[in-house]
Engineer: 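For reference, the structure I am asking about is given below.
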Amino acid sequence: MSSRVNDREQSATAREVSAGRGMLVVVSSPSGGGKGTLIRRALKIVPNLGYSVSFTTRTPREGEINGRDYYFVSLDEFNQMIASDNFLEWAVVHGNLYGTSHVAIERELNEGHDIILEIDVQGATSVRRLVSDAVSIFILPPSFEILRDRLTGRGSERPDDLALRLRNSRSEVEQYREFQYLIINDDAERAAALLASIIYAERARRERQEEVARSVLATFKQEADGEEAPPGQRDSTVNG
Ligand code: 5GP
């Protein structure tokens with residue numbers, strides 16, 4: 001099922017994606033950086049937050065479920081999806097293809113749901129270009145040694161895959177500067193709380209609430225129309 005392709009290719013559809021009412025949250029880290037655990041925790045903490053399941057040509061790991069962790073597809077199927085313009089972005093990561101379908105994303109955003117994309121640094125660059133108000137967060141492990149121990153300890157990669165992921169991590173961490181937020185993943189509980197806080201804070205941004213603010217302000221306008229104060233009794237009269 002998995003296929004090896006030249007590493008570090010990248011593509012994104014030229015289409016601008018309307019962010020609708022929902023918010024896109026892009027989370028990246030090197031492999032073993034712990035973003036999966038943090039995202040799972042954040043999804044439990046933050047209401048009305050969805051997760052985008054990616055497509056990949058990678059072979060499923062033990063315990064991974066098709067449709068929950070990824071949609072596991074063949075190289076032919078993936079290429080077909082590229083040809084049919086199904087992806088918001090796709091990239092070759094550690095020798096396999098990974099992509100985010102834009103159909104589900106647009107539907108969720110239009111329904112006002114916020115969505116987390118757990119994608120690599122190339123995908124994050126593409127999404128930032130296409131969705132100007134996407135929120136981008138980089139998860140950094142406390143050190144290379146800790147990253148290596150985590151990756152080795154989880155035992156899910158063959159030795160050559162493991163070596164490739166560690167090698168790639170050196171250039172991936174350099175990309176942290178391209179992201180708006182940085183979380184050092186030294187303690188999973190603290191880091192997950194921080195991730196949730198960032199999402200809450202971003203939801204509270206004035207620019208994201210213009211529509212609701214306008215409808216609240218409209219109620220003030222209606223009141224004022226119905227309860228016109230007589231001249232001379234208005235609070236805001238300025239006396240020279
Ligand atoms: P893994 O094989 O460990 O599940 O994932 C390898 C890398 O691919 C991770 O950095 C992960 O975030 C990234 N990835 C997963 N899905 C996508 C996707 O849809 N697009 C891109 N660009 N990267 C993805």
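For ligands, and for the atoms within them, numbers begin at 1 and follow the listed sequence.
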Engineer: May I ask you to identify the nearest protein heavy atom to atom 7 (C) of ligand 1, giving residue, atom name and distance to one decimal place in Å?
Structural biologist: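 Nearest protein contact, heavy atoms only, for atom 7 (C) of ligand 1 is Val93 CG1, 3.7 Å.
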Engineer: Side chain, backbone, both or neither: which part of Tyr70 comes within less than 4.0 Å of ligand 1 when only heavy atoms are counted?
Structural biologist: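 For Tyr70, only side-chain atoms sit under 4.0 Å from ligand 1.
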Engineer: Could Arg205 and Glu202 be called an ion pair, given the rule that one side-chain N must be under 4.0 Å from one carboxylate O?
Structural biologist: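 Glu202 and Arg205: salt-bridged.
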Engineer: For Arg165, counting its heavy atoms only, list the atoms of ligand 1 lying under 4.0 Å from any of them.
Structural biologist: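 Matching atoms, with element in brackets: 1 (P), 2 (O), 3 (O), 6 (C).
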Engineer: For atom 20 (N) of ligand 1, which protein heavy atom lies nearest, and how many Å away is it?
Structural biologist: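 For atom 20 (N) of ligand 1, the nearest protein heavy atom is Glu89 OE2, 2.7 Å.
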Engineer: Is Leu147 isolated, or which residues cluster with it under the ILVMFWY side-chain rule of less than 4.5 Å, directly or via members?
Structural biologist: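 Phe144, Leu151, Leu162, Leu166, all in the cluster of Leu147.
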Engineer: Taking heavy atoms and a distance under 4.0 Å, where does Thr100 meet ligand 1: side chain, backbone, both or neither?
Structural biologist: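 Both backbone and side chain of Thr100 come within 4.0 Å of ligand 1.
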Engineer: So, using side chain to side chain contact (heavy atoms under 4.5 Å, CB included) as the criterion, who are the partners of Leu194 when residues are at least two apart?
Structural biologist: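 Result, side chain to side chain contact (heavy atoms under 4.5 Å, CB included) vs Leu194: Ile183, Arg190.
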Engineer: Does atom CZ (Arg68) have a neighbourhood of more than 12 heavy atoms from anything else shown, all under 6.0 Å?
Structural biologist: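 Counting neighbours around CZ of Arg68, more than 12 heavy atoms of other residues, nucleotides or ligands fall under 6.0 Å, so yes.
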Engineer: Suppose we measure from atom 13 (C) of ligand 1 to each protein heavy atom; which comes out shortest, and what is that distance?
Structural biologist: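 Among all protein heavy atoms, the one nearest atom 13 (C) of ligand 1 is Asp120 N, 3.7 Å.
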Engineer: Do Ile45 and Tyr181 share a hydrophobic cluster, counting only Ile, Leu, Val, Met, Phe, Trp and Tyr and linking them when any side-chain heavy atoms are less than 4.5 Å apart?
Structural biologist: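 Yes, because Ile45 and Tyr181 connect within a single hydrophobic cluster, where side-chain heavy atoms sit under 4.5 Å apart.
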Engineer: When you measure from atom 19 (O) of ligand 1 to every protein heavy atom, which one gives the shortest distance, and what is it?
Structural biologist: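 Looking only at protein heavy atoms, the one closest to atom 19 (O) of ligand 1 is Ser54 OG, 2.7 Å.
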Engineer: With a cut-off of 4.0 Å, which atoms of ligand 1 are near a heavy atom of Arg58?
Structural biologist: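 Listed by number with element: 1 (P), 2 (O), 4 (O).
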Engineer: I'd like to know if Gln122 contacts ligand 1, where contact means a heavy-atom distance under 4.0 Å to any ligand atom.
Structural biologist: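 False for this residue.
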Engineer: Return the CD1 to CE distance between Ile199 and Met23, rounded to the nearest 0.5 Å.
Structural biologist: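 Going from CD1 on Ile199 over to CE on Met23, the span is 6.0 Å.
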Engineer: Report the relative orientation of the aromatic rings in Trp90 and Phe78; use parallel for angles under 30°, tilted for 30 to 60°, perpendicular for over 60°.
Structural biologist: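 Taking Phe78 first and then Trp90, their aromatic rings stand perpendicular (interplane angle over 60°).
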Engineer: Would you say Trp90 touches ligand 1, if touching means a heavy atom closer than 4.0 Å?
Structural biologist: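 No, Trp90 has no heavy atom closer than 4.0 Å to ligand 1.
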Engineer: Within a distance under 4.0 Å of any heavy atom of Gly123, pick out the atoms of ligand 1 and give their elements.
Structural biologist: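 Once the distances to Gly123 are compared, the set is 22 (N).
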Engineer: Using a 4.0 Å cutoff against the non-hydrogen atoms of Ala91, which atoms of ligand 1 qualify?
Structural biologist: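 Ligand 1 atoms under the 4.0 Å threshold to Ala91: 22 (N).
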Engineer: Looking only at distance, does Gly99 have an N or O less than 3.5 Å from an N or O of ligand 1?
Structural biologist: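 In this structure, Gly99 places an N or O atom under 3.5 Å from an N or O of ligand 1.
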Engineer: First locate atom CD of Gln180, then atom CD1 of Ile137, and finally report the distance between them rounded to the nearest 0.5 Å.
Structural biologist: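 If I round to the nearest 0.5 Å, the distance is 8.5 Å.
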Engineer: What distance do Ser101 atom OG and Glu106 atom CD have between them, rounded to the nearest 0.5 Å?
Structural biologist: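 Atom-to-atom, Ser101:OG and Glu106:CD are 9.0 Å apart.
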Engineer: What protein heavy atom sits nearest atom 9 (C) of ligand 1, and how far off is it?
Structural biologist: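 Protein heavy atom with the smallest distance to atom 9 (C) of ligand 1: Lys35 NZ, 3.6 Å.
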Engineer: With the threshold set at under 4.0 angstrom, would you say Arg61 reaches ligand 1 through any of its heavy atoms?
Structural biologist: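 For ligand 1, residue contact (heavy atoms, under 4.0 Å) with Arg61 is present.
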Engineer: Tell me: protein heavy atom nearest atom 6 (C) of ligand 1, and distance?
Structural biologist: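 Protein heavy atom with the smallest distance to atom 6 (C) of ligand 1: Tyr98 OH, 3.6 Å.
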Engineer: With a cut-off of under 6.0 Å to the ring centre and 45° to the axis, is Arg177 in cation-pi contact with Phe138?
Structural biologist: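 Ring-cation test returns no.
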